Amino acid sequence: MSAKLNLTLAAGDYEILRPLKEGLVKADGIELNVLTGADSATRHWRFLRNEEYDMAECSGSSYIVAKDRDMPFHALPVFPHRRFRHGFIFTNTAAGITEPKDLIGKKVGVKFYMATATLWLRGILENVYGVPHKSIEWFAELDEDIAFTPPEGLTLHRLPDDKSVETMLAEGELDAVLHPDIIDPIVKKDPRVGRLFPDYKAEEQRYYAETGIFPIMHVLGLKAELVEKHPWVVPNLYKAFDESKNMAMAKMRNPRLVPLAWYQEAWEEQERILGPDPWEYGLTEANRHNLETVVGYSHQQGLISRKIPLDDLFLPVSQGRKRGKFRT
Ligand SMILES: O=C(O)c1ccc(O)c(O)c1
């Protein structure tokens, strides 16, 4: 008889989750079925709109909105996806945008308004570079993860379904685009499209030196029903996610694994700048600052009604008692 609880987890196909996916790390009492087939936007929608999975790597931004609306979700302080975002502000090269303030009064496209990458970018543009989010006319390509009424003074249009912000940017119908992914015109080296910060790596490193923030994009969402029925899963899952990450970080130090000539140097550079574990889980001091910043941005941008305390956003994950040696 298997007394284990079968649970589905939808997530990206990430190295730090691979030991869990491959069963090298197990959560006590749980059999995990890890689904990595959906792209991020689809996964978030399926989890938040349809509750298709017991747990999912979920948009940090949309999760914060879900909590503000008392929707039936919780989260572990597990952050499978982080990314610096200065390199994701794309511009039409004929639009005359050479510095952040040139975005004021412009038409800017987004995949959708609530997406975590764009939440961070609007916050950074407003608070670091003096570009108020309401000074921009916004155009969204997709429906929001959670339906949202733009607050007073915010202009947000939903584009018709046959329009793509990437094409509109290249053709000059939009002046700029903020996007979670590298957009097609950049991949194809279309000369009509560039970046606001051509040397974005330097900008991102300066941002990190000033703030200590490696922006958290995604959290590990759980259906409330799961936590209510089986509260014991919370510390067991957290421990397993952490073990999986630690195992992956140790494995990935091997420079033979990745087909990049200068992978070792990239790893060393990351360690020098970001320290030994930039992917740290838990409500550590650095993660609290990171998350409080993004909750503040969400509130500033009218996505949520109150600055939700982190202890309301994340489940406590302590094992309760420090475990001693096993004795027979
Ligand atoms: O975090 C998000 O909200 C989000 C949304 C859409 C994406 O394509 C994505 O990669 C992330």
Side-chain angles (χ1 to χ4, degrees), residues 9-17 35-50 52-53 55-69 71 73 75-90 108-125 133 138-148 150 156 158-159 161 163-167 169 177-187 213-222 279 287 290-291 293-295 297-304 308 313-314:
L9 162 67
D13 194 12
Y14 305 143
E15 291 302 331
I16 56 175
L17 300 181
L35 309 169
T36 54
D39 65 86
S40 292
T42 308
R43 180 183 63 238
H44 304 164
W45 177 279
R46 286 181 170 180
F47 181 61
L48 293 167
R49 291 254 178 176
N50 306 340
E52 274 184 49
Y53 320 108
M55 19 179 184
E57 176 201 353
C58 178
S59 157
S61 170
S62 303
Y63 173 69
I64 293 167
V65 175
K67 287 308 263 189
D68 189 52
R69 311 265 181 96
M71 288 168 64
F73 300 100
L76 297 178
V78 163
F79 312 112
H81 180 50
R82 300 181 184 234
R83 228 171 193 183
F84 289 108
R85 286 304 187 178
H86 292 68
F88 293 79
I89 307 174
F90 306 104
V108 178
V110 288
K111 191 163 176 179
F112 56 96
Y113 193 77
M114 200 175 284
T116 316
T118 50
L119 168 66
W120 271 106
L121 278 175
R122 280 189 303 268
I124 291 169
L125 284 168
H133 67 284
W138 298 96
F139 295 81
E141 185 176 291
L142 299 178
D143 287 338
E144 304 299 324
D145 281 348
I146 297 168
F148 149 75
L156 171 59
R158 168 68 160 84
L159 290 166
D161 282 342
K163 286 282 198 180
S164 126
V165 290
E166 300 178 45
T167 311
L169 179 66
V177 160
L178 314 184
H179 205 279
D181 299 308
I182 310 285
I183 60 175
D184 264 2
I186 291 283
V187 174
I213 293 175
F214 177 22
I216 290 173
M217 294 290 131
H218 294 169
V219 302
L220 212 291
L222 285 80
W279 304 89
N287 285 342
N290 200 315
L291 293 159
T293 302
V294 79
V295 170
Y297 289 167
S298 182
H299 185 251
Q300 182 181 48
Q301 294 170 30
L303 289 163
I304 52 174
I308 310 171
L313 280 176
F314 293 98

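Predicted model, so just to flag it, every value in this text is computed and none were measured. Each ligand, and each atom within it, is numbered from 1 in the order the structure gives.
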Identify the protein atoms, limited to N or O, that lie within less than 3.5 Å of an N or O atom of ligand 1, and list each pair with its distance to 0.1 Å.
unit_1: ligand 1; atom_1: 1 (O); unit_2: T116; atom_2: OG1; d: 2.7
unit_1: ligand 1; atom_1: 1 (O); unit_2: H218; atom_2: NE2; d: 2.8
unit_1: ligand 1; atom_1: 3 (O); unit_2: S59; atom_2: OG; d: 3.0
unit_1: ligand 1; atom_1: 3 (O); unit_2: T116; atom_2: N; d: 3.0
unit_1: ligand 1; atom_1: 3 (O); unit_2: T116; atom_2: OG1; d: 3.2
unit_1: ligand 1; atom_1: 8 (O); unit_2: K111; atom_2: NZ; d: 2.9
unit_1: ligand 1; atom_1: 10 (O); unit_2: S40; atom_2: OG; d: 3.4

Indicate the atoms forming the closest heavy-atom contact of M217 with T116, along with that distance.
O-CG2, 3.2 Å

Go through the structure and list residues passing ring pair (Phe, Tyr, Trp, His ring centres under 6.0 Å) with F148, not counting sequence neighbours.
Y113

Between H218 and H44, what is the ring plane arrangement, given parallel below 30°, perpendicular above 60°, and tilted in between?
perpendicular

For F79, the ring pair (Phe, Tyr, Trp, His ring centres under 6.0 Å) test, sequence neighbours excluded, returns F314

Suppose we screen for ring pair (Phe, Tyr, Trp, His ring centres under 6.0 Å). Which residues come up paired with Y53, at least two apart in sequence or across chains?
none

Kindly indicate whether the side chain of L156, heavy atoms from C-beta on, has any atom under 4.5 Å from the side chain of F139.
no

